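This is a predicted model, so every value here is computed, not measured. Position 1 is the first residue of the sequence, and the numbers go up from there.
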Amino acid sequence: MIKLANGKHLLWNKNKYCSTTKTYILEIIEKNYKKLILLIGFLFFTFLFTFCWIYFKERMLSFDPAFFSFLMIDQNDFSFALGRWGSVFSQILPLIALKNNCSLETFLRLYSISPIIIYAIIFVILTIGLKNYKAAIALLLSLCLAFRHAFYYTTAELYLGIALSILLWAIIAPENEYNSKRKRQMATLASLVLIYTMSYLHQLTLFTIIFVLIAEFIGKNRFKDKHLWFITITTVLWYLVRIFFLTKSDYENAKIPSLSIFLEQIPNLRYLPSTIYFKSFAPSNLWTLFLVFFVSWIFLLRMKNWLYFLFLPTFSLAFLVLIIITYYKGESPMMYENYYTVLGVFAAVSLIFVLYEKVQKKWILLILIPLLFINLRGIYNAHYILTKRIEYIDRMVSFGSKQEKTKFMINARNYPWQITWVTWALPFETTLYSALKNPESCCTFFVTADMNKYDSLINKKNIFLGPEWAVTWFSSDKLKQKYFHFPETGYEKLNTSQSDSLFDESVFNNQNIKLIPDRNTYYSDADSFIVAPVLIKNTSGKKLASTPDGPTPVFLSYHVFDQKGNMIIHDGKRTALETDVITEHVEGLMVTLPKEKGEYTIEVDR
């Protein structure tokens with residue numbers, strides 16, 4: 001009750017007011033949902049664009065992106081592999097800049113943001129062009145539901161295929177039916193052009209295409225639709241020709257498991273490395289994806305759409321099993337996650353299918369916003385391990401800049417696999433990173449399990465060791481000198497075995513080996529571990545060998561104490577030294593974090 005100036009009283013019904021306000025807001029959302037989808041899409045792509053711009057090193061100086069960037073600069077042209085010319089779309093902008101003599105950083109930043117610009121253009125086509133807002137929502141969800149570390153794998157052709165699959169869905173399933181035969185024919189032609197383009201992106205785009213086609217057949221009961229049958233049959237025939245007869249490579253042959261391997265590995269499914277990784281990664285990173293699948297499944301059950309109800313889990317699980325068995329021998333986490341992204345298409349299309357015509361638009365938007373927020377946050381948090389990888393490259397490049405030579409060889413046993421995942425791309429990653437400062441600062445690092453394997457090559461003046469499957473592909477004197485300049489030197493080995501007769505562990509003690517933390521305070525992030533840089537000072541006059549061998553191998557380790565001084569971790573994870581230490585070097589110490597949050601003291605040990 002509120003007392004007025006004239007002495008009268010005004011009754012105030014708080015519950016009624018709040019209810020009226022809530023209803024008014026929901027009505028505004030319902031009436032303006034198309035504008036709100038445009039706004040949400042704008043904010044979504046703005047966030048992705050910002051991530052790409054800020055974390056361009058994480059996106060461009062890791063794995064295949066580093067390799068293709070290196071090739072584009074070296075050739076001053078488009079670069080694509082395995083006949084996947086569809087990848088050139090994301091290379092147009094950086095190549096234009098390259099041909100206009102841009103800086104290396106400008107080139108890498110433009111390459112990093114290019115895919116996001118393409119996705120945003122597709123979003124505009126869906127909304128402004130085709131007026132298909134259900135497909136626009138599906139696009140936003142498809143680009144985040146199953147993306148975590150994979151977001152930082154910039155050059156994956158599959159992701160453009162995912163976006164184009166949603167565009168295909170928008171064409172074959174318009175919000176307003178085509179009102180003329182000519183429009184249906186044009187839609188069929190546009191669909192075939194899209195499918196042809198997608199076939200030159202990645203073989204697995206076949207699954208996203210087949211999914212949206214089958215979803216239309218069984219979801220909308222379009223079994224009598226001649227145009228849809230024509231598109232489906234043409235797609236299957238074309239992909240058979242494309243996969244088995246055109247530009248088939250040894251790489252692709254090795255990736256596709258034979259029927260005998262498939263049948264052989266089915267009984268071992270629970271124990272495969274790829275299954276183990278999925279079980280550890282998915283619950284904490286893909287729970288929103290599972291939630292979307294579950295909600296879609298429940299709605300399909302209520303709708304009594306039995307074909308779609310059976311199709312969704314069957315198709316999705318079959319695809320997941322295919323990926324798990326494809327990598328039954330084990331692979332880097334990035335490769336696993338690269339293919340999980342396809343599941344996002346299945347989930348997004350199914351969710352929009354069951355909600356769009358059954359639920360008021362305001363509720364769809366209220367579901368969409370938290371889903372996008374949670375998954376954008378997941379994408380952001382995924383950068384931490386890639387940032388740790390860049391910090392490792394920075395440590396090695398900083399070390400290399402102080403040496404006489406600029407080319408180095410690393411033993412795979414000293415390579416920090418927990419943050420690096422693959423070895424083959426390190427020569428290109430380190431070259432690009434070091435060249436960001438200036439071409440004269442270039443240095444390169446090569447990883448091998450056999451330090452003596454390349455002895456016949458490493459003393460050649462202009463040798464540049466590339467990937468192990470084509471180790472002499474490049475020569476340092478023939479690289480693009482504007483960006484990469486190497487002196488005429490060979491390689492220096494950075495790791496020596498501790499079983500070497502010159503290494504005597506008893507020589508080293510607390511007086512001549514000092515371990516000095518790089519900083520006093522470290523903050524945890526979304527990962528279960530941190531990498532603490534530690535300066536090792538060696539005043540013994542002897543080289544501290546780095547490759548752990550012999551009866552008493554030397555590692556970096558640590559103890560962890562709580563705030564009361566109680567030791568809660570006595571002998572922490574052991575980390576091999578990254579390089580031999582002659583006088584001093586900053587090494588990365590892997591520290592596994594305690595399960596409970598709080599402040600802890602870490603004592604470095606060896």
Side-chain angles (χ1 to χ4, degrees), residues 384-385 387-396 398-399 402 410-420 447 494-606:
Y384 287 114
I385 196 166
T387 298
K388 292 179 178 73
R389 196 174 193 277
I390 294 298
E391 290 170 349
Y392 165 73
I393 291 174
D394 179 74
R395 288 196 299 275
M396 301 309 292
S398 296
F399 171 83
K402 300 171 185 176
I410 299 171
N411 193 316
R413 296 174 63 189
N414 298 90
Y415 196 55
W417 292 93
Q418 189 172 351
I419 59 173
T420 52
V447 183
L494 297 184
N495 305 111
T496 306
S497 172
Q498 293 170 3
S499 63
D500 191 288
S501 59
L502 297 177
F503 179 77
D504 186 353
E505 197 269 342
S506 63
V507 170
F508 305 103
N509 54 56
N510 293 334
Q511 300 301 313
N512 55 36
I513 298 292
K514 300 294 183 182
L515 306 178
I516 305 171
D518 183 66
R519 66 192 78 140
N520 293 325
T521 304
Y522 296 90
Y523 295 95
S524 62
D525 50 45
D527 295 329
S528 61
F529 67 96
I530 61 172
V531 180
V534 177
L535 174 63
I536 301 179
K537 285 195 171 185
N538 177 11
T539 57
S540 67
K542 303 288 185 179
K543 179 169 66 175
L544 178 59
S546 55
T547 303
D549 278 316
T552 55
V554 175
F555 296 87
L556 276 178
S557 189
Y558 58 91
H559 311 303
V560 178
F561 301 85
D562 63 18
Q563 288 181 291
K564 295 180 180 180
N566 300 316
M567 183 182 292
I568 60 172
I569 298 178
H570 170 65
D571 192 8
K573 179 181 177 67
R574 297 186 175 188
T575 305
L577 300 179
E578 293 167 353
T579 69
D580 294 345
V581 182
I582 299 175
T583 55
E584 65 177 41
H585 180 54
V586 176
E587 305 270 351
L589 170 65
M590 301 283 180
V591 179
T592 301
L593 299 173
K595 293 182 179 179
E596 295 184 6
K597 293 183 179 180
E599 294 184 6
Y600 298 91
T601 299
I602 300 173
E603 181 181 275
V604 185
D605 194 13
R606 65 177 180 89

message: Please check: side-chain N/O of Glu578 versus main-chain N/O of Gly588, any donor-acceptor pairing under 3.5 Å?
response: yes
- prompt: For Tyr600, what residues pass the ring-ring contact (aromatic ring centres under 6.0 Å, His included) criterion, not counting sequence neighbours?
  reply: none
- prompt: Is there side-chain contact between Ile513 and Asn538, with heavy atoms separated by less than 4.5 Å?
  reply: yes
- prompt: With no hydrogens and no angle check, is any side-chain donor or acceptor of Asn495 less than 3.5 Å from a backbone partner on Asn411?
  reply: yes
field: Side-chain touch Asp525/Tyr523, heavy atoms, less than 4.5 angstrom
entry: no
- prompt: Heavy atoms, side chains only, cut-off 4.5 Å: are Val554 and Phe508 in contact?
  reply: no
query: Within the side chain of Ser557, is there an N or O that forms a donor-acceptor pair under 3.5 Å with the backbone of Arg574?
result: no
message: Between Asn414 and Thr547, do the side chains contain a donor N or O and an acceptor N or O under 3.5 Å apart?
response: yes
field: Leu544 side, atom CG; Thr579 side, atom OG1 - distance, nearest 0.5 Å
entry: 9.0 Å
task: Please confirm whether the backbone N or O of Thr420 pairs with a side-chain atom of Arg389, one donor and one acceptor, at under 3.5 Å?
output: yes
message: Tell me if a side-chain donor or acceptor on Asp527 pairs with a main-chain N or O of Phe529 at a distance below 3.5 Å.
response: no
task: Taking Thr539 for its side chain and Asn512 for its backbone only, find out whether a donor-acceptor pair lies under 3.5 Å.
output: yes
query: Is a donor on one side and an acceptor on the other found under 3.5 Å between the side chain of Thr575 and the backbone of Met590?
result: yes
message: I'd like to check Glu596 versus Asp562 (side-chain heavy atoms, cut-off strictly below 4.5 Å). Are they in contact?
response: no
- request: Indicate yes or no for a side-chain donor-acceptor contact from Tyr558 to the backbone of Thr592 under 3.5 Å, with no hydrogens or angles considered.
  value: yes
- prompt: Does some side-chain heavy atom of Glu587 sit less than 4.5 Å from a side-chain heavy atom of Val581?
  reply: yes
query: Is there a side-chain contact between Arg395 and Val531 (heavy atoms, below 4.5 Å)?
result: yes
- prompt: Is a donor on one side and an acceptor on the other found under 3.5 Å between the side chain of Tyr522 and the backbone of Pro533?
  reply: yes
query: What do you reckon, is CZ of Arg413 surrounded by more than 12 foreign heavy atoms closer than 6.0 Å?
result: yes
task: Give the C-alpha distance, both sets of side-chain angles, the deciding distance and a yes or no for side chain to side chain contact (heavy atoms under 4.5 Å, CB included) between His585 and Ile536.
output: CA-CA 5 Å; His585 180 54; Ile536 301 179; 5.7 Å; no
